[in-house]
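Protein chains get the first letters and strands the later ones, always in sequence-line order, with residue 1 at the start of each.
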There are 2 protein chains.
Amino acid sequence: MIQSSESSESLTIADIARLAQVSVSTVSRILNGKPDVAEVTRQRVLKVIHDTGYSPDVSAQRLASGATVAKSRVITLLFPMDHAEFTQLELDFFIGAAASCSKHDTFFNLMTEPMDADHLLNLFRSGQTDGVILMQIRMDDWRPELLTRHDYPFVMIGRTSDNQHYRYIDLDFDAAVETAIGYLVEQGHRRIGFIARPASARAQQIGPSVRIMSGYQRALERYRLAPLYREVKLTVPDVYEATLELLDEAPELTAIFTVHGASSPGAIRALRDRDRLVPDDCSVVALATERIAQLVTPALTAINFPTDTMGYQAATMLINALQQPSAPVEQILLQPRLAVRESASTPVGAT
Amino acid sequence: MIQSSESSESLTIADIARLAQVSVSTVSRILNGKPDVAEVTRQRVLKVIHDTGYSPDVSAQRLASGATVAKSRVITLLFPMDHAEFTQLELDFFIGAAASCSKHDTFFNLMTEPMDADHLLNLFRSGQTDGVILMQIRMDDWRPELLTRHDYPFVMIGRTSDNQHYRYIDLDFDAAVETAIGYLVEQGHRRIGFIARPASARAQQIGPSVRIMSGYQRALERYRLAPLYREVKLTVPDVYEATLELLDEAPELTAIFTVHGASSPGAIRALRDRDRLVPDDCSVVALATERIAQLVTPALTAINFPTDTMGYQAATMLINALQQPSAPVEQILLQPRLAVRESASTPVGAT
DNA sequence: TTGAAAGCGCTACCAT
DNA sequence: ATGGTAGCGCTTTCAA
């Protein structure tokens with residue numbers, strides 16, 4: 001009870017055996033909860049173990065038991081932090097994934113370190129994780145191919161340009177933009193400002209950035225709209241500035257679509273500072289999580305970005321794949337759903 | 001190059017040695033980057049390794065090299081998810097901690113599974129982590145004592161009732177409540193509604209819940225105020241309801257202090273639905289992160305809850321402790337700082 | 001520069 | 001119910 005400290009440094013199973021006056025095999029049995037040990041013996045040995053603070057060397061256990069790499073019951077979500085400022089968005093993915101792990105008796109691991117191939121493979125080799133959730137997927141991402149080749153389980157939140165065979169869950173961003181702009185057009189808007197993620201993300205071929213811009217192009221053509229957009233860092237001040245620029249470029253604009261709910265107060269305030277009230281004098285539609293949409297005033301009319309659900313589903317998908325490796329590959333492409341709230345309306349003087 | 005797959009299942013260093021026509025020792029040397037190998041040999045062996053897809057068994061490596069448990073360069077943030085609904089709050093802790101890890105070449109691990117003592121110790125024993133950040137600290141938390149006894153490094157975000165010797169960073173919640181209410185009183189408010197975390201959290205002795213209520217008691221005494229509060233789940237709808245109740249109980253109230261920024265729109269909307277505009281007809285002060293405070297309209301006058309900074313500092317503290325185990329124990333108790341924004345003002349008809 | 005062999009700490013099989 | 005012992009896959013002297 002009392003013994004203060006870790007002489008455990010170099011204790012081996014042999015030491016325990018000696019101290020408890022039994023054989024190594026017996027100690028091993030006890031350690032592994034085997035039934036064929038006399039209760040008295042077990043107690044005696046257990047006492048020694050506790051008193052000495054001994055704990056078995058995991059490496060040796062694994063090696064001896066032939067478990068090349070033991071199931072760790074850990075899944076890891078990889079979110080390379082340098083590729084994007086953390087935003088509310090990503091956080092909800094984490095929550096969802098963590099919640100699923102909790103429900104499925106699995107540990108959840110979040111890694112924000114950007115990884116090269118070696119790091120990634122080592123995660124598996126070292127037994128640190130049983131599977132990974134990949135985020136910030138680029139159109140030409142190299143990771144799915146690598147992991148597939150090594151037969152390491154993974155799912156993507158996002159998708160590459162040609163992912164016939166990989167598990168993924170993603171929002172149909174192309175369609176999301178078309179839906180949002182379509183809605184605004186339906187309401188009678190013709191001059192619509194668009195605020196998108198930084199061009200740098202697109203240059204890096206990050207999926208959503210690429211697809212959002214292609215969706216925008218398609219929407220422009222489909223509705224015969226003139227381009228009017230800014231690609232900026234999605235912070236409140238940057239969006240504020242961008243909105244002002246848009247207003248300068250096209251004072252006649254009656255609506256703004258922004259791809260990020262959490263920075264939309266920037267737009268709303270810029271509008272207010274130019275004497276435009278939302279939604280009466282200008283509509284704002286966003287791509288946003290329900291939570292953020294509700295937090296902003298006026299509550300955002302928005303394409304729902306169900307990030308927590310996506311995180312939850314991604315983790316669940318991965319855990320399933322772990323349990324049934326031969327099960328068919330699931331691919332989920334969520335269709336956009338617009339939630340009408342308070343931030344958009346018919347333009348002044350429209351039909 | 002082409003080889004499609006992993007026969008690697010059972011490849012050992014001996015197989016590589018045989019295939020490359022060298023001894024096991026030589027392969028080992030190459031694996032470990034030792035200099036005393038002929039370049040030709042090295043190339044030949046490397047090719048075999050690559051072609052076969054061989055990768056060494058980590059357990060065996062560790063065992064043989066005597067590294068009882070290798071430094072994992074991982075720190076783990078423990079956030080037991082059942083103890084609290086995830087709120088924006090906690091998320092910012094994660095961001096901060098992750099950011100520090102990134103800066104300090106360390107992996108960041110988030111675990112949401114509630115843990116018993118065995119789980120916790122195993123995290124260390126199995127070499128999964130070098131240190132942990134504890135959250136959701138209870139006044140009488142058992143974890144610091146356990147970890148200290150085993151000499152496993154940790155820091156707390158929060159603190160126990162008697163943590164003379166543990167590393168921690170915490171906000172002075174007692175003082176925070178007094179400051180907020182003091183500010184309101186200074187502005188001329190006398191009838192102030194208070195919205196706090198659920199009583200269940202307090203029953204569980206979760207630090208902030210306990211200290212916030214004790215701070216409230218102190219504030220009541222100090223300013224001779226009558227109690228007027230609700231303890232509720234901090235969601236927008238629940239806070240909405242709570243605010244309505246407060247309004248029913250004390251229609252004359254002129255201010256509300258809530259401990260959670262992200263659910264404060266619930267209060268603001270309840271007020272609006274009772275024809276009270278914030279801040280003109282009723283002030284709202286919150287305990288909130290800067291980000292949330294800015295997101296809400298009107299921007300919240302709030303006690304700053306620097307969660308991301310706290311997460312960052314906690315991780316940094318831990319990483320330092322890992323590098324210099326003998327360094328003195330750091331303890332940081334942040335004093336509350338009020339940021340005046342738009343949501344509070346002088347009550348109607350006050351001096 | 002290379003090879004042979006002795007363990008690392010533990011499990012699992014075979015005896016007893 | 002217990003003990004003896006042969007490896008698990010690798011690293012690391014020590015020789016050659």
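As rounded to whole Å, 14 Å separates atom P of dG3(C) from atom CZ of R18(B).
For the pair A97(B) and I133(B), the tightest heavy-atom approach, listed with the atom from each and the gap, is CB-CD1, 4.3 Å.
No hydrogens or angles considered: a donor-acceptor pair under 3.5 Å links the side chains of S23(B) and T26(B). Side-chain contact check for Q204(A) and R138(A): at least one donor-acceptor pair (N or O, by modelled atom type) lies under 3.5 Å.
Contact between the side-chain N/O atoms of T26(B) and the OP1/OP2 oxygens of dT2(C) is not found at any separation under 4.0 Å.
Ring pair F107(A)/H119(B) is perpendicular by interplanar angle, where above 60° counts as perpendicular and below 30° as parallel.
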Q | Footprint string (nucleotides 8-16 of chain D, 5' to 3'): B base within contact, S backbone only, - free, heavy atoms under 4.0 Å | A | BBBBB----

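Annotation: F79(A) is not in aromatic contact with F93(A) [ring centroid separation under 6.0 Å not met].
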